[in-house]
Chemist: 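Structure incoming, see below.
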Amino acid sequence: VRRGFFLQDRRAVSDVIGTVLLLGITVSLFAVLSVAVLSELHQNPPPHNVEFRVDKVDQRTTITSVWGEALPIADVRLIYQLNGVRTITDLSDPALLPNLVQGGVGSTASWDLGESLRMACPAASTDCAYPGRDVRNISVVQRGSNFVLFSSEPGVLRGSVVNPVADLSVRITGIDDPAQAPGAPIHATGSFVVKALVANEGVLSTPPAASFTVRFYIDGVQFFTFVRTGPLGHGESFTVDLSSAPPSPTMNRPAGTYAIRATVDSSVAFSEASMANNQYTRTLQVVP
Amino acid sequence: MTARRRDEAVSTVVSAVLVFSLIVVVLSVYASTIVPDQVANAEAGHMRRVASSLGDVAGQIEGTINLHRDGEFASQIELGTTTMPGLAVFRSSGSLSVQQDSYLATFVCSTPRLLARGGQAAAGSTYVAMGGPAFTFSSLVALNLKVTAYDFNTASGTKSATVQVLRQGTPVASVRLTLADSTNSIRLTTLDGAGATVFTQVLLSNVPLVDSFVVDALAGAYGFKGLLGDAVGPFTMQTSTTTSAIAAYAVYQDDQGIVSSQGQGRDLVAQFQRALRPSMVVYRSDNSRFIEQTYALQGGALVLDQSNGQVLSLQPFDVAKAPGKQQLHLALVNLTGVGYVTGSQHATLSVAVRDTTTSVLQCTNPSALVQSPYPDAWLGAWREALVRQGLDPAQAARSGDVVEARLLGAWTVVLEEARVSVRLT
């Protein structure tokens, strides 16, 4: 009886060891998995809980931290309109950082409560980042995640995400026969002109040195190109009007339905927030 | 058979261990990453609500003072948060208390001249003869009309003087004093922008031979201020006269927000001084994840104190500057009360505002001194206020827990004073 008891006991130990080993292996595997998940989560930390106040008195524009956590300077990016031009600058940039008036309480590596960044001031002054210039619509963005922590620009909400690049869009606004009244049908033997509105819906201007092309197609066949040089600012737009570049293309196609397509920067001359709005197709009904 | 049964048992155990481990890991990840962020966000949201509630209280006190009336109101302050469903263990708390004698505010005005007090031109002010040049203003603080040394018996006929207010050249309202020799009377008439009579009344009849008679033209019964209130500044005021015996004294705000006067105020004693040692209402948080915050209602100011700095969320002063003019708007609130509440529930902060007065002074080198546990907040606010107006921020300096703003030159000071009593329940 005693021997049988020990045999049973050994079997039991074997089961327990096996279970413990299985448990250990499984926990280890899931621990590795959780570390991977955690590291992924920390790549996009949640937005800092902070509040700012923008004071604009005469020619002075100041933004002050008035509530919440200390904001590491390395984490801060500012987007603002400088004399009407959308500009993006990291707070650590030498153009901005010396104008952060820091108090004696917090760390020099962070933007602490009560500390002010002097953005603009009269031309005769030197105690700001941009003497004699106009700064408005300031947004404080968390670098990396691009969370908007604060914005004085109407419609830009805290917690939203900005993609700090340009974003071109194109939309066909009219297809007409230049010899007919607007809205009249296009004839198979007539000519036609197209108007397209190109806009920059992005946060930033297009690169100053870059040019981009607007192309027009009918049923996949390119019939007109327009090259834009120079920057297109945030919120700016222009119209490509084929009637201003005669001769107008002739239809010279049988009556039927055709697809008129416009594209902008299809060759991706610079990065954009979205390429989905870089083309626009409109159906054209051609009559005999 | 025994071995087969054991294999089945191992399979069950393996499944159980896997499920158990998965649950443990999921809970661990949730507890170590999601929960802290949610707790921090919940506490941050709570602190925003506390800031908003106390800001509302400070704003209501300021609004009551600006309206120059007594007022009572109550506000609920959320001491803690339990907004994490099922996670009461992460509940934060806080305390709200009234602290005695922890704050000192002193205001000193050298060579003071009182322009107006309580919305009326200062008694004893020097009045100017009517018919002076027109001036532009955005709101009228005080308007007194004065008849002095007019002999009704020797002058003949009817004399009148009109103070007319125009907006972009169009008359908005006018008030007219008429001296009638035949009846020895003084009549006041208020006219709207179209010249129609809004109010007319004989203010005084059988005036003694030589007398001085003052009319507060902004008194509500006369309707003049009501007509002014319908329009939006800037206004232009022009006066006419048929006799120098009728004079006017006006205190007004120009379109820069600077208070000026037509006429001279009354000299006060050599130095005008106010010294208060009020209590302060203090909220202290006890958070587990979000940064600890302390809010203090301090003499009309709302202070936010954190480990990484201090700031005046609401400042009881404002500095304005226009060519040749500098103005300080300052509120001195004498706060008293008792109470201490702590926990996670709501506390009620009852506030009564009494004895509100406004004094408009002209001062040379006025100074405002504050002794506070939060000197950095006061110093920063003063310096930023001065810098924004292009003034030297070094006029504000700190020594220990004392911050003093010594403003140089001639200043117009709009001084708001009130008694505020608070009760915590």
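By convention in this document, chain letters (A, B, ...) are assigned in the order of the sequence lines, proteins followed by strands, and residues within each chain are numbered from 1. Note that the coordinates shown come from a computational prediction; the quantities given were computed from them, not determined experimentally.
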Chemist: Are there more than 12 heavy atoms of other residues, nucleotides or ligands under 6.0 Å from atom CZ of Phe20(B)?
Modeler: no
Chemist: Is there a side-chain contact between Glu43(B) and Asn49(A), using heavy atoms and a 4.5 Å cut-off?
Modeler: no
Chemist: Can you tell which part of Leu22(B) gets under 4.5 Å to a heavy atom of chain A, answering side chain, backbone, both or neither?
Modeler: both
Chemist: Any chance you could measure Gln293(B), atom CD, to Trp67(A), atom CH2, to the nearest 0.5 Å?
Modeler: 5.5 Å
Chemist: In terms of heavy-atom pairs under 4.5 Å, which option from Gly68(A), Ala70(A), Ser110(A), Cys121(A) contacts chain B the most?
Modeler: Gly68(A)
Chemist: Under a 4.5 Å heavy-atom cut-off, does chain A meet the side chain of Gln306(B), its backbone, both or neither?
Modeler: both
Chemist: By a 4.5 Å heavy-atom criterion (distance strictly below it), what part of Val24(B) contacts chain A: side chain, backbone, both, or neither?
Modeler: neither
Chemist: Is there side-chain contact between Glu384(B) and Asp55(A), with heavy atoms separated by less than 4.5 Å?
Modeler: no
Chemist: What part of Ala16(B) is in contact with chain A, defined as an atom under 4.5 angstrom from a non-hydrogen atom: side chain, backbone, both or neither?
Modeler: neither
Chemist: Measuring from Asp58(A):CG to Lys321(B):NZ, what's the distance to the nearest 0.5 Å?
Modeler: 10.0 Å
Chemist: Under 4.5 Å from any heavy atom of chain B, what part of Glu115(A) do you find: side chain, backbone, both or neither?
Modeler: neither
Chemist: OG of Ser313(B) to CG of Leu113(A): how many Å apart, nearest 0.5 Å?
Modeler: 7.5 Å
Chemist: Side chain, backbone, both or neither: which part of Val20(A) has a non-hydrogen atom closer than 4.5 Å to chain B?
Modeler: neither
Chemist: Measure the OG-CZ distance between Ser116(A) and Arg383(B) for me, rounded to the nearest 0.5 Å.
Modeler: 12.5 Å
